[in-house]
Chemist: 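Submitted below is the structure of interest, expressed as structure tokens.
Chain letters run A, B, ... following the sequence lines, proteins first and then strands; every chain starts at 1.
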Amino acid sequence: MNFFDQVYEVVKKIPAGCVMTYGQVALRLRSGPPAARINISPQFVGWALHANKAGSGVPYHRVVNKDGRLAPGYAFGGPGEQKNRLISEGVKFIDEDHVDLESCVL
DNA sequence: GTCCTGACGAGTA
DNA sequence: GTACTCGCCAGGA
């Protein structure tokens, strides 16, 4: 169980229609179960997801940066695809590129 | 075996 | 208010 898997576990727990920021995930890992607690910077959350292969069952399109903006174009077939998945899951967008973080604060 | 990089965020100047 | 720097861990070259 490395920090990779822990990131995946947290992301997997994000319900459909909800989004979480990198910072939120990192914070959750830091304040999670002591046995699994790791000091992680938000940067590595994204990096772990990037290292993960798309299709591993990890809905990492639900992870956005603190502004609620999607990854520049490193996800799936591009930001459009990620956005598409979020919309089809019922995630609200306050802007063309910004998801509504208030719609589901975990 | 070692060095650099990498989807970010928070703090300081 | 804006811009820059540092920190975190693991994988790849």
Chemist: Could you check how far CE of A:Met20 sits from P of B:dG9, rounded to whole Å?
Modeler: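 After rounding, the reported distance stands at 14 Å.
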Chemist: Starting at atom CZ of A:Phe44, determine the distance to atom C1' of C:dA10, rounded to an integer number of angstrom.
Modeler: 8 Å
Chemist: How many Å lie between NE2 on A:His50 and P on C:dG12, as a whole number?
Modeler: 11 Å
Chemist: State, yes or no, whether a side-chain contact exists between A:Leu86 and A:Phe93 at a heavy-atom distance under 4.5 Å.
Modeler: yes
Chemist: We want to know whether A:Glu89 and A:His61 form a side-chain donor-acceptor pair, criterion being a heavy-atom distance below 3.5 angstrom.
Modeler: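 Short answer, yes.
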Chemist: Under 30°, 30 to 60°, or over 60°: which ring-plane class applies to A:Phe3 and A:Trp47, parallel, tilted or perpendicular?
Modeler: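 Plane angle under 30°, so parallel.
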Chemist: What integer distance in Å separates A:Asn39:CG from C:dC9:C1'?
Modeler: 10 Å
Chemist: How long is the line joining CD1 of A:Ile40 and C1' of C:dG11, in whole Å?
Modeler: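 Nearest whole value for this atom pair: 14 Å.
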Chemist: Any idea which of C:dA10, C:dG7, B:dA7 is nearest the A:Trp47 side chain?
Modeler: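 Out of C:dA10, C:dG7, B:dA7, the nucleotide with an atom closest to A:Trp47's side chain is C:dA10.
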Chemist: Counting side-chain heavy atoms from C-beta on, which of C:dC8, B:dC8, C:dG11 comes nearest to A:Ser41?
Modeler: C:dC8
Chemist: Can you check the distance between B:dA10 and C:dA10, where both ends of the measurement are the C1' atom (answer in whole Å)?
Modeler: 22 Å
Chemist: Is it true that A:Leu27 and A:Ile38 fall in one hydrophobic cluster, defined by side-chain heavy atoms closer than 4.5 Å?
Modeler: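 Per the 4.5 Å side-chain linkage, A:Leu27 and A:Ile38 are not co-clustered.
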Chemist: Take the protein atom CZ of A:Arg30 and the nucleotide atom P of C:dC8, then report the distance between them rounded to whole Å.
Modeler: 9 Å
Chemist: Within this structure, what is the CZ-to-P distance between A:Phe3 and C:dC9, rounded to whole angstrom?
Modeler: 9 Å
Chemist: Which whole number of Å gives the distance between the P atom of C:dG11 and that of B:dG9?
Modeler: 22 Å
Chemist: Distance check needed: C:dC9 C1' versus A:Asp5 CG, whole Å only.
Modeler: 14 Å
